[in-house]
Amino acid sequence: MAEYIVELEKVNKFFGENHVIKDLYLNIEQGEFLTLLGPSGCGKTTILRMIAGFEEASNGMIKVEKERVEDKEPFERNVNTVFQSYALFPHMTVFDNIAYGLTVAKVPKDEIKERVKEMLELVQLMGFEGRKPDMMSGGQKQRVAIARALVNRPKVLLLDEPLGALDLQLRKQMQIELKRLQQKLNITFVYVTHDQEEAMTMSDRIAVLQSGVIEQLDTPDEIYKHPASKFVANFIGESNLFDGTVESVSGDIVSARLDDGGEMRLKAEGFVPGDKITACVRPEVTGYTKEPVEGFNIKATVKNVIFIGSQYKMYAFLDNGQEVKINRTKQDKEVREGDTIWLCWEDEDAYGIREK
Ligand SMILES: Nc1ncnc2c1ncn2[C@@H]1O[C@H](COP(=O)(O)OP(=O)(O)O)[C@@H](O)[C@H]1O
Ligand SMILES: [Mg+2]
């Protein structure tokens with residue numbers, strides 16, 4: 001049985017008339033790296049702030065370490081928050097910034113020294129203790145903010161887009177560092193981002209949010225391979241979505257007619273003739289031939305091919321105007337702009353989405 005360290009049960013949040021979080025259930029396991037992922041405005045920060053105690057839930061139950069925390073002040077909850085803006089004290093040195101929580105808690109001076117030193121080593125900032133924040137780079141400042149949060153030894157660290165202000169290269173480096181840190185300390189991380197690649201890189205599980213509702217909560221692998229909705233399929237990685245109606249089912253192979261004509265086949269469970277189905281096919285496994293093959297009849301016209309270094313991206317269009325993406329590591333010299341191709345795929349390379 002998983003041990004839950006944070007539990008949200010039927011949590012709602014209204015800002016005036018605006019129903020921002022809707023009947024949210026979320027159980028976070030001890031020691032896991034859980035990411036709240038979704039577009040801007042979907043409610044990620046609000047969820048984090050309710051766990052931290054900076055925002056009150058309109059109703060519902062929030063537990064940290066099995067205890068209800070709705071009436072507890074932020075400092076009474078065994079959680080700490082790291083913000084995108086760092087929120088360091090500019091007039092204090094790195095040492096004093098990191099030591100702040102311990103100083104307020106009147107921890108003995110010797111112990112403070114010891115624990116700050118430990119943190120400086122952890123975030124690789126030895127020798128920086130005398131600096132002021134404005135003498136440091138963005139990445140270094142964020143490391144100080146993380147050290148300041150971790151020095152209190154919280155059970156849960158809440159991070160709200162902590163790498164958002166950093167440039168791409170530093171961001172990628174910090175993603176790996178943060179993940180290592182989390183594994184080493186075995187602290188639960190609840191991480192907020194709108195960047196799906198960042199979420200995929202770091203998380204044990206991802207909660208994909210849309211308009212205050214969790215659309216899917218699962219491992220990165222599962223979410224990529226088996227997106228629960230069209231929204232998830234589009235938000236996580238690239239995908240080609242083909243809408244149709246199931247015509248026949250043979251074992252676990254479904255044959256369907258596309259809404260705009262044409263036929264397709266895929267492996268899917270639980271569908272019966274007449275059901276609406278959307279085939280989600282990733283660009284790297286979207287195939288094509290010069291003539292239709294059995295079970296498929298989807299005509300497309302090649303628009304262009306772009307080389308982006310790691311791969312060739314081919315863009316084609318269906319007769320209804322829908323764009324189709326096809327990614328390959330090698331260029332197919334046989335295919336040119338304006339050519340007609342016929343789309344197809346291996347049955348198991350498509351995933352059948354059932355819209356709710
Ligand atoms: N203090 C607030 N007062 C009123 N509305 C707010 C407040 N904070 C957030 N909202 C609204 O709640 C929704 C979710 O916001 P937020 O949780 O910040 O989203 P995200 O972090 O996913 O971008 C948005 O519509 C936002 O405008
Ligand atoms: Mg936010």
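Computed from a predicted model, the values in this text were never measured in an experiment. Just follow the structure's listing: the first ligand is 1, and inside any ligand the first atom is 1.
- No more than 12 heavy atoms of other residues, nucleotides or ligands shown are found within 6.0 angstrom of CG on D71.
- With hydrogens and angles disregarded, no donor-acceptor distance shorter than 3.5 Å links the side chain of R265 to the backbone of F296.
- Side-chain contact check for E238 versus E284: every heavy-atom pair is 4.5 Å or farther apart.
- Taking the ring centre of F33 as origin, the terminal cationic atom of R205 falls outside the region bounded by 6.0 Å and 45° from the ring axis.
- Protein residues with any heavy atom under 4.0 Å from ligand 1: F15, N18, V20, P39, S40, G41, C42, G43, K44, T45, T46.
- Residue T46 does not count as close to the Mg ion (ligand 2), with no N, O or S atom under 2.8 Å.
- Contact check for L88 versus R148: side-chain heavy atoms found under the 4.5 Å cut-off.
- Note that R354 lies in the cation-pi zone of F271, set by a 6.0 Å cut-off to the ring centre and a 45° limit from the axis.
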